[in-house]
Each structure stands twice: as structure tokens, then as C-alpha cells.
> 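Once you've had a glance at the structure underneath, I'll fire off some questions.
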Amino acid sequence: MALVPVPVQHAIHARAAASHVAYVPARGAPPYRYRDWKLQSGVLRILFANRNEPRKLVVFQAQRFQGVCRAGATHSYQMAGVKVWYGESGGRRQAWRCVNGAKVSAWTTLPELRFAAVGLARIAASGHRV
């Protein structure tokens, strides 16, 4: 079964392909499951909620990007040949990578003890176009 349901992937492609942000993650982090998605102002967000604590969220995000990808990073990960950057800002912990003019990221406001940085990196690294 797909992490993001196939009909949702088709809807994301239909609405976000023109803005070049039609990305979904291939890997998640149990017990987080797909909850919802939205496209606002050219930013695609796919929300994953903890089934035991529905207010605990991890967000997969894709948006157009120009600039230095590693800006704001405190360290990096190499995941299956993909370089992923990691940093924290304003209470948000985020892992990201840049590909084809888009910044693909996974973020949460949960503390490190509740959701590891490497888990965010794995989700960001798995992002692919639909």
C-alpha cells in the first residue's frame, strides 16, 4: 500500500505538476499515517499524523527554490546516494534536499526525543515526482 494513497497522488499531480512541486514521499515513519494535503501559494504540504496522538504531525513539503540549498543547515545526511540537509529554526526541525528547482523537505515541531532528525532526513530523501 502506498504511503500517500494513489488517488491522492493523482490529485496532487493534476493540481501541482504545473508549478513543479508535485512530489510525494515514498517512506514514512510508523505510527504516522497520511492525513491530508494542501497546495497553497505554490507550496505543497502533505500532513502525516500519529494515529495514537492525532495532533502530533510530520509535514512533507515541496516548493520552488532558488539559492544555496545548504543555507541554514547544521549538518547533513547521505541517504541512498541523496544528500539531505538538516537544521532547526523557530521551533521547527527540518530536513531537506533540492532537486530540479524544488526544495523537498520534511519538518515537525516535535522535539528530537519524539521524532529523530534521521527520520525527517529519510522522509525528505524519499521524495519523488508524481
Side-chain angles (χ1 to χ4, degrees):
M1 185 164 118
L3 183 63
V4 177
V6 172
V8 172
Q9 291 185 39
H10 290 305
I12 289 171
H13 175 76
R15 289 211 35 227
S19 57
H20 305 287
V21 296
Y23 285 84
V24 298
R27 300 191 68 178
Y32 291 82
R33 301 226 173 147
Y34 170 79
R35 183 168 112 183
D36 197 10
W37 73 280
K38 56 185 148 188
L39 178 65
Q40 287 181 300
S41 303
V43 179
L44 171 70
R45 289 186 183 90
I46 303 174
L47 289 80
F48 296 90
N50 182 324
R51 66 176 173 227
N52 299 320
E53 301 173 278
R55 293 181 186 216
K56 308 288 187 195
L57 298 175
V58 172
V59 179
F60 176 85
Q61 182 171 303
Q63 64 191 65
R64 298 293 294 157
F65 180 78
Q66 293 180 345
V68 179
C69 192
R70 70 178 176 268
T74 56
H75 58 281
S76 65
Y77 294 93
Q78 190 77 22
M79 317 260 327
V82 176
K83 178 73 102 180
V84 179
W85 304 98
Y86 176 82
E88 300 178 31
S89 178
R92 180 187 285 189
R93 300 173 40 253
Q94 178 174 250
W96 69 91
R97 70 188 184 105
C98 298
V99 58
N100 298 325
K103 184 176 189 179
V104 177
S105 61
W107 60 268
T108 188
T109 57
L110 297 170
E112 176 78 23
L113 292 175
R114 300 284 303 190
F115 201 96
V118 70
L120 292 172
R122 180 174 50 183
I123 294 168
S126 76
H128 62 92
R129 286 190 64 106
V130 291

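Predicted, not measured: the structure shown is a model, and the values here were computed from it.
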> Surrounding NE2 of H13 (heavy atoms of other residues, nucleotides or ligands, distance under 6.0 Å), is the total greater than 12?
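Check fails, neighbour count at 12 or below.
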
> According to the disulfide (SG to SG under 2.5 Å) rule, which pairs have a member within residues 4-78, sequence neighbours left out?
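For residues 4-78: C69-C98.
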
> Closer than 3.5 angstrom, by distance alone: can the side chain of R70 be matched with the main-chain N or O of S76 as a donor-acceptor pair?
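Not at all, since once roles are kept as given, no pair shorter than 3.5 Å links the two residues.
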
> Residues two or more places apart in sequence or in another chain: which of them pass side-chain contact (heavy atoms from CB on, under 4.5 Å) with A95?
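For A95 the side-chain contact (heavy atoms from CB on, under 4.5 Å) partners, ignoring immediate neighbours, are V84, Y86, L120, A121, A124.
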
> Taking the side chain as every heavy atom from C-beta outward, state whether I46 and V8 have any atom pair closer than 4.5 Å.
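I46 vs V8: side chains apart.
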
> For residues 55-68, which side-chain donor-acceptor pairs fall under 3.5 Å, sequence neighbours excluded?
residue : atom : partner : partner atom : Å
Q61     : OE1  : R45     : NE           : 3.1
Q61     : OE1  : W107    : NE1          : 3.0
Q61     : NE2  : Q63     : OE1          : 2.6
R64     : NH1  : N100    : O            : 3.4
R64     : NH1  : G101    : O            : 3.3

> Give the minimum heavy-atom separation between A125 and R97, together with the two atoms involved.
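Distance-wise, the nearest heavy atoms are O-NE, 3.7 Å.
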
> Using a 4.5 Å cut-off between side-chain heavy atoms of Ile, Leu, Val, Met, Phe, Trp and Tyr, which other residues end up in the same hydrophobic cluster as W96?
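Same cluster as W96: W85.
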
> Identify, with sequence neighbours excluded, every residue that meets side-chain contact (heavy atoms from CB on, under 4.5 Å) alongside H10.
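With neighbours one apart ignored, the set is V6.
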
> Please list every donor-acceptor pair under 3.5 Å in which a side-chain atom of residues 22-42 meets a protein atom from a residue at least two apart or in another chain.
residue : atom : partner : partner atom : Å
R35     : NH1  : P54     : O            : 3.2

> Can you tell if the side chain of Q94 reaches within under 4.5 Å of the side chain of E88, non-hydrogen atoms only?
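When only atoms from C-beta onward are counted, E88 and Q94 do not touch, as no gap falls below 4.5 Å.
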
> Before you tell me yes or no, could you show the steps for V82 and V99 under side chain to side chain contact (heavy atoms under 4.5 Å, CB included), namely the whole-Å CA-CA distance, both residues' side-chain angles and the distance that decides it to 0.1 Å?
CA-CA 10 Å; V82 176; V99 58; over 6 Å; no

